[in-house]
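Working notes for the structure below.
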2 protein chains.
Amino acid sequence: MDTLETRELRYFVAVAEELHFGRAAERLGMAQPPLSRAIQQLERRLGVTLLDRDRRGVSLTGAGEVLLYEGRAALDATSAAARRTRRAGGVDHPDRLVLAVKAAGSHELVQRLLDAHAAQPDAAELEVLPCGICEQEELLRDGRADAALMHAPFNNLAGFDSEALMSEGQIAVVPTGHPLATRPALTLAEVADVPGLPIARWPRDGVYPPGPGPEARDLTQLAQLIALGRTLAVVPDSARAWLWADHTAVPLTDAPPVVTHIAWPAHSRSRALAALVRTATQL
Amino acid sequence: MDTLETRELRYFVAVAEELHFGRAAERLGMAQPPLSRAIQQLERRLGVTLLDRDRRGVSLTGAGEVLLYEGRAALDATSAAARRTRRAGGVDHPDRLVLAVKAAGSHELVQRLLDAHAAQPDAAELEVLPCGICEQEELLRDGRADAALMHAPFNNLAGFDSEALMSEGQIAVVPTGHPLATRPALTLAEVADVPGLPIARWPRDGVYPPGPGPEARDLTQLAQLIALGRTLAVVPDSARAWLWADHTAVPLTDAPPVVTHIAWPAHSRSRALAALVRTATQL
DNA sequence: TCGGGTGATACCGCCAGGGTATGACAGGGC
DNA sequence: GCCCTGTCATACCCTGGCGGTATCACCCGA
């Protein structure tokens, strides 16, 4: 049983994502024929059909979907190996940690963590890597970050080690001037089906959940959509920090609490990371 | 930043494990010079020294240890991708699950799980893969198994999704005829330092914990050591099933409970696996 | 019917990766 | 001190695999 080469996985993932040999080849910086041949060889070696080439396009078979998912994980693990090795032996301080923090997250908790960490006598250098709404998991998996602040249940903690740091309620952010903005408190049921004000959606595990609300890629988009009176958002209490003048926050009485965790790759054996986690849990 | 090739990782892991270029080359089925060159190229590309070649042997640098650990994880992920893809598209039934079960585990729970699973109307084919004392984690990681029964705190559940299935106390297994065998119950403190009867040790995460007791690789070795009066063992209550006539079980009043989990690779999206887990949790 | 677009095939050239032979160097036995 | 042994590095060659170009086969829509 011969093992898959990284190159083959890269090629297949590109084709599976593009569903088009020409575009995939372009993305890979190569010509289309060798790419076609490489995929055929891969299918032969695995003894499995990965792609259905009907007329009018390419589509994934069941096995192809499995390989897309597992192959991405393997490629992430491979680049994590390279990155972490480089960092471990780099000229810069080997005790250097990268903490991925959602740019929209609570500034206050991060500040307290940074201060407490810096106060440690033998603190490792700590770099903060701001990231998008649900990007932390990818950063941890492919080694660009050593730890991340995640927010259950929005982030998926499966596959990582983690410790809970704090818990908070949620609020509804509605356009100032909307009738709901005058209410002292709301329930999830009350904000679920407001005519003309559907709940905004943002990516979870890379895809947007279904629903009528508009899609927001980052916080600025979301804030603008709210200010324009197009949507309302359900967000953690600490999000009050970034509210605009055109936003009004209304507490939700029955929303599930949002738990902020510090998460890191499972089985990590770094002493510097262990120290950071200890500091975080003692905040 | 060019990506590492599977081949390079295989080569490095072989050298790092053997700490000897010649033996590693033999294991890889190749000659030593190209292996030396490949490792040099790898070090150049990473910009990091991985191995210290002093006279009289090769040793790992810090970066080398990181790459050994991360590289193994990446290789596991790669072979898992190949295995799961083959299985997903294989000629055999695609809805086929492999469950890793410690050969020394409770037969009764496994039997109940198998029966309940078989009773499901659309049950996937379920293969039981017996394995050694702490082998489940490796089997899950490299794709040879889809799920495993694990026993916290003996197995490390980090990096997997899991659900607890049952909890049980622990017993001390002592040679029949030993003074302790007459006691109705014992505490951990009482069995910790019995003169002439040290507690047996078995591998955890691949290495034996330190201690005076003899090392046991599998259950038969352990059972024999106890029967010979050379050691005592602290094991879950369900281990009564495999006791010999020369063994006596004594309940431990203060041992931490052993929790049996069903565990599976994080983020798995297989419907067949989800059904198995549901069945297991409803036992 | 023809042109555009897709993936597959044919064929070629190059170089990366592997093999063999040998070197450099340290340690141990006598 | 000498030589032998064991180890990894270097030098050199050669082959096969990978990628490139040109082209085909096929399906569509105009």
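Letters go in sequence order (proteins before strands), and every chain restarts at 1.
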Net bend of the helix from C:dT1-D:dA30 to C:dC30-D:dG1, end axes of five pairs each, nearest 10 degrees: 10°
Are any of the side-chain nitrogens in A:R87 or A:D146 under 4.0 Å away from the carboxylate oxygens of its partner? yes
Set of side chain to side chain donor-acceptor pair (under 3.5 Å) partners for A:R45, sequence neighbours left out: A:D2, A:E8
Where along residues 7-21 of chain B does a heavy atom come under 4.0 Å from DNA chain D, residue by residue in number order? B:H20, B:F21
Could you state the atom-to-atom distance from CZ of A:R23 to P of C:dT6 in whole Å? 7 Å
State which residues pass side chain to side chain donor-acceptor pair (under 3.5 Å) with B:S36; sequence neighbours excluded, sorted by chain then number. B:Q32
Salt bridge check, A:E5 against B:R7: does any charged N sit closer than 4.0 Å to a carboxylate O? no
Listed partners of B:H117 passing side chain to side chain donor-acceptor pair (under 3.5 Å), at least two apart: none
B:T85 side, atom OG1; A:L4 side, atom CG - distance, nearest 0.5 Å: 7.0 Å
Side-chain ion pair, A:E43 and A:R53, N-O less than 4.0 Å: yes
Are B:E17 and B:R72 ion-paired here, with the side-chain N under 4.0 Å from a carboxylate O? yes
Do the charged groups of A:E70 and B:R83 touch, with an N to O distance under 4.0 Å? no
Sub-4.0 Å heavy-atom contacts from residues 30-45 of chain B onto DNA chain D, ordered by number: B:Q32, B:P33, B:S36, B:R37, B:Q40
Hydrogens and angles aside, do A:T6 and B:T6 bring a side-chain donor and acceptor to less than 3.5 Å of each other? yes
Atom CG of B:L51 and atom C1' of D:dA9 are separated, to the nearest Å, by 14 Å
To the nearest Å, give me how far apart CD (B:E26) and P (C:dG18) are. 17 Å
